[in-house]
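Here the structure comes first, spelled out in structure tokens, and everything after it is commentary.
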Amino acid sequence: MTATQKTIPGEAAKAPVWRTVANQFLSRPLIVIFVLSIVVASLISPAFLSTRNVFNLLQQSSIIGIISIGMTFVILAAGIDLSVGSVAALGGMIVAILCQDQWPVALAIVAALAAGALLGLAMGSIVALTSVPSFVITLGGLVAIRGLTLLLTDGRPVFGVPEELKFLGAGFIGPVPVVGIIFILVTIAAAVFLRLTRAGRYLYAVGGNADAARLSGVPVMAVVAMTFVVCSTLAAFGGVLLTAWLEVGQPTASAGAELTAIAAVVLGGTSLFGGKGGVFGTFVAVILLSILSNILNLAGVSPYFQQITTGLVLVGTVLLNWFIARRAAPMA
Amino acid sequence: MTIEMQVPALAPTPAGPPLAELRNIYVAFGGVHAVEDVTVDLHAGEVVGLVGGNGAGKSTLIRVLSGAHTADSGEVLINGQRVEIRNPRDAKALGIETIYQTLALADNIDAAGNVFLGRELQSRLGSLDDAAMESATRNVMGRLNPRFRNFKTPVKSLSGGQRQSVAIARAVHFNAKILIMDEPTAALGPAETAQVRELVMQLKAEGIGIFLISHDIHDVYDLSDRISVMLQGKLVGTVRKERVTKDEVLAMIIMGKQPGDVTQSDLEELHG
């Protein structure tokens with residue numbers, strides 16, 4: 001807003017600046033909205049930009065962020081994974097139960113991740129081998145895996161978490177939350193994988209045109225199955241970190257996480273039709289969603305109103321992306 | 001089982017085993033025979049036109065050689081050796097490259113990414129070597145379409161001719177021995193069509209065997225050494241081009257008539 005006010009006087013001379021700003025806005029609405037929300041938040045409360053609050057935001061974003069990075073893989077290949085909330089809860093319960101049984105923490109984490117990977121492989125293989133939409137297969141996963149998670153302890157939470165695990169979820173290195181570091185590392189690793197490896201290239205090819213990818217010799221089924229393995233493994237990891245943070249394994253945890261993750265991926269500019277987007281967009285979008293709720297908290301807005309705002313921002317940004325794509329299409 | 005029709009105009013088989021042979025191929029979709037007991041072959045440095053109307057089964061037949069479909073029965077022989085082609089990867093490993101009618105390009109990826117899709121160049125660390133792929137693509141494109149400039153944009157934004165160039169570059173860059181072109185000029189203007197024809201002659205001179213598939217005899221007549229005609233999933237026959245007229249081939253395509261059997265009234269009907 002401040003930028004436009006500055007450029008209005010002396011229209012002729014300042015026209016290019018105004019146009020640059022407009023073009024920037026039109027090509028990357030997410031970044032602009034992100035910056036605007038930071039400006040607005042720091043105007044509402046000077047505390048917003050304090051180190052403590054920034055790292056607080058990062059901590060709040062990290063677990064859903066890690067799950068959303070996995071979701072990005074599936075959506076880039078033109079799939080969807082509705083089971084991530086349930087898989088996260090299962091991962092969190094497995095780690096809690098095994099730690100209670102005196103397993104070494106590292107082994108308990110590996111077991112939780114392996115369970116996630118296995119479920120991802122099962123769902124991904126079914127999706128790859130049949131033409132049944134992933135929506136349906138993972139909807140089955142959402143319900144069945146939640147049931148399995150509740151069955152583990154008859155629906156009871158598991159209390160008590162060893163110190164090493166607590167450190168992962170709630171610990172700090174200096175002022176930086178450990179989960180935040182993990183989130184950043186996962187994002188960078190995912191970006192490197194997508195950008196620089198053959199498998200990453202295949203993922204985009206499959207999302208762009210699965211038939212063309214197959215005719216080019218890309219192992220399409222393996223690529224599709226791989227996206228679900230990555231997604232479920234990261235979801236289980238998110239669940240492990242949640243257990244570590246809250247110091248309790250909660251079988252009902254992360255219900256609805258799939259919707260938040262999908263919202264973050266779409267808000268981050270990844271196309272639900274596949275083949276377009278990336279994990280940095282998802283990273284920014286996850287943080288943006290946290291900032292929005294942070295702003296509304298600072299402004300003392302009711303949580304119900306916060307939900308409305310989040311929904312509107314999501315739809316608004318996606319509409320803006322749609323508008324830009326439509327505007328760009330005739331030139332292509 | 002083989003249909004050997006001893007009609008004078010039928011091609012005598014050149015010496016040595018063919019580069020590629022599809023023998024007694026059957027393909028059925030849900031009980032409907034799309035290809036029924038078809039045998040065709042191709043020699044090095046030869047262009048074989050595979051023609052027939054829409055739904056004649058020519059694309060389905062050739063997709064068996066590309067690895068896009070598997071045959072329900074029949075054999076594929078390369079240099080006289082029976083081979084198993086289960087997927088496009090197998091076909092490419094045997095030196096069989098295909099330019100599909102749909103071009104089969106990943107629209108969201110740039111030209112170099114498409115040329116090397118499935119066969120990416122990697123650096124020693126195992127990461128994609130985009131610079132090497134782009135430079136190789138520039139080289140091959142310099143030969144095919146020197147005016148091609150858009151190496152960095154997703155191929156979605158390219159023109160029909162440019163997209164065709166990318167598909168052709170992908171097929172010729174990997175030293176194909178057998179090239180399959182499915183309706184290669186269907187979407188092209190006259191200048192681009194001439195370019196493709198020139199390329200076919202050049203590749204033929206290099207000893208590559210080429211299957212040219214078209215629903216229109218005029219597209220392939222000049223370029224072909226032999227012409228195989230399909231009708232309703234079956235092979236009508238294979239003829240040497242110099243021994244038949246276009247009209248005779250047209251009668252094969254439309255009426256399933258052998259070249260010797262074409263009557264004056266058939267010709268009148270064809271041109272009616």
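On a predicted model such as this, the values are computed, not experimentally measured, just so you know. In what follows, every chain begins at residue 1, and chains take the letters A, B, ... in the order their sequences are listed.
- With a 6.0 Å radius and a threshold of 12 heavy atoms from other residues, nucleotides or ligands, B/Phe174 has its CZ atom above the threshold.
- To the nearest 0.5 Å, the span separating CZ on A/Arg198 from CG on B/Asp129 amounts to 11.5 Å.
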Item checked: Test salt bridge (charged side-chain N to carboxylate O under 4.0 Å, His left out) applied to B/Asp130 and A/Arg201, step by step -> CA-CA 11 Å; B/Asp130 283 318; A/Arg201 174 67 53 83; 3.0 Å; yes

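- Taking a 6.0 Å sphere around NZ of B/Lys177, one finds it holds 12 or fewer heavy atoms contributed by other residues, nucleotides or ligands.
- Expressed to the nearest 0.5 Å, how far CG of A/Asn209 lies from CG of B/Leu105 amounts to 8.5 Å.
- Shown here for A/Ala212 and B/Ala106, the closest heavy-atom pair between the two residues is CB-N, 4.2 Å.
- Scanning residues 257-283 of chain A against chain B with a 4.5 Å heavy-atom cutoff picks out A/Gly275, ordered by number.
- Proximity to chain A is limited to the side chain of B/Gln122, based on heavy atoms less than 4.5 angstrom apart.
- Inspection of non-hydrogen atoms places A/Ala213, A/Arg214, A/Leu215, A/Ser216, A/Gly217, A/Val218, A/Pro219 of residues 213-222 of chain A under 4.5 Å from chain B.
- Here CG of A/Leu196 is found 10.0 Å from CG of B/Leu125. Values are rounded to the nearest 0.5 Å.
- Within the 4.5 angstrom heavy-atom criterion, only backbone atoms of B/Arg119 (N, CA, C, O) approach chain A.
- For the options B/Ser159, B/Pro154, B/Ser127, heavy-atom pairs under 4.5 Å to chain A are most numerous at B/Ser127.
- For chain A, the nearby part of B/Tyr100 is the side chain; its heavy atoms alone come within less than 4.5 Å.
- Residue A/Tyr204 touches chain B through both its backbone and its side chain, counting heavy-atom pairs closer than 4.5 Å.
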